[in-house]
Amino acid sequence: MCGIAGVWNVDNAYNVIHDLLLSLQHRGQQAAGVVVNGFKTVKGEGLVENVLTDERFLDGNRGIGHVRYSTYGSLDEIQPITAYTLKGRISVAHNGNIVDADEKRKFIMESGGIFSTTLDTEIIIHYFSIAPYTSAKESLQWAMSRIKAAYSLTILHDSFLAAARDQFGIRPLFYSKYENGYIVASEDSALRSIGCKDEEIHEIEPGTIVFFTDTKEPEIVRFSKRQDRFCSFEFVYFARPDSNFYGINTHEVRKLLGRKLHEENKIQADFIVPVLDSGFSGALGYSQASGIPIEYGLIRNHYIGRSFIMPKNRQEIVRRKLSPLPSVLEGKEIILIDDSIVRGTTMKIIVDMVREAGAKKVYVGIHSPAVIGPCNYGIDTSRRSELIATKNDVEKLREYVGADKLFYLSVEGYKEVFEKCGVNGICMGCFNLDYPV
Ligand code: SF4
């Protein structure tokens, strides 16, 4: 998971990208990078605030940026990636993974091409470079039409800013008018956070590139037929609750998933404890549907990042991030609600913690189905062996996490919620192994 941003024709582009990336920080906390006019670059490990400092300010009115959660590669491979080509200099920020990256790398290397990183983002630059056109715009269209998935991109060229989504629209991307120019971001909430109005925000269509140049209006070019398979996990967990996809708010979808979970599993308890922050909306839905009140049984330390996207010391991070409240939990029967169980380690620690704090019975409800397949589209669940539900049935999982009861939302129930919301073209690959590509 990564967050990307772009700015065209806006003064102090560095500061604007900084602010956009700050709003996208939840999508990646390991590294950040910015490229502005003249391909001047600032990159580094760590949070946006630590990398894109005032001291490193770069003057310019256009640029792209990236926050990174490394699914592949080491931390010295921080985006954006910049290269010289015969069609001009180009810099790319990428959210997603190219599914056939190994074959494409091999093809390029057999033709004499070289790579300086292990990032599949470089493949995009190579395809741009070898495209049988002299025009940079046509070369980009050609490259996009030959790389199937998964990508959302911001691309800075000498003569334009471009924003592109693969034909399935697996990862999100939006743009908006801003001051005298345009800005691009992975989530619309980032655009609104710096003052963009809803009516000026556009969700970039799958299979298109939006070119921002010195002409007044952006130019939208279709390079492939639209076949929507948007990542449903963006709705469930990744995106901010104030973000919208297909015009539908993620918080509202999470509440509906929580309601559906109650419809399928009518559990009685003294109260519901949301696993903050990502389990809150679903817990609210379960509470509203069941009439069981919500309590503050776990307190969240907001100065520690999201445990799912921290690759090391996950257990320790969970204990530091969440603290149980014994005065609330003592002698009570509670339903813990969370959005998902991926590796199972986080939930096991949480159940231990609430029991240590005195909870009498602990029921665990998950407002998405069991994660049974890896994601090859840019989410760090690419190793099947890490997914606890691939090796264990629900009863074994319940034993492992130490709950008195464990219940998931069914695949059918999950799908139904999205259909009711009017989102039909979703990817559910990690839940039902039906992958778009
Ligand atoms: Fe999202 Fe899962 Fe599909 Fe990956 S496999 S894109 S995480 S729904």
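Indexing begins at 1, ligand by ligand and atom by atom, following the structure's order.
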Practice task
Please check if atom OH in Y296 has more than 12 non-hydrogen atoms from other residues, nucleotides or ligands closer than 6.0 Å.
Solution key: no
Practice task
Find out whether the Lys NZ or Arg CZ of K177 is both under 6.0 angstrom from the six-membered ring centre of Y182 and within 45° of the ring's axis.
Solution key: yes
Practice task
Give a yes/no answer: is there an N/O/S atom of C231 under 2.8 Å from atom 3 (Fe) of ligand 1?
Solution key: no
Completion exercise
The atoms of ligand 1 lying under 4.0 Å from a heavy atom of C427, numbered in the order shown, are 3 (Fe), 5 (S), 6 (S), 8 (S)
Practice task
Please check if the side chain of R171 supplies one atom and the backbone of G3 the other of a donor-acceptor pair under 3.5 Å.
Solution key: no
Practice task
Report yes or no: does C375 have an N/O/S atom closer than 2.8 Å to atom 2 (Fe) of ligand 1?
Solution key: no
Handout entry: Heavy atom of the protein closest to atom 5 (S) of ligand 1 (residue, atom name, distance)
Key = C430 N, 3.4 Å
Handout entry: Exceeds 12 heavy-atom contacts within 6.0 angstrom, atom CD of E103
Key = no
Handout entry: NZ/K361: more than 12 non-hydrogen atoms of other groups inside 6.0 Å
Key = no
Practice task
Using a strict cut-off of 4.0 Å, indicate which atoms of ligand 1 neighbour a heavy atom of R171.
Solution key: 6 (S)
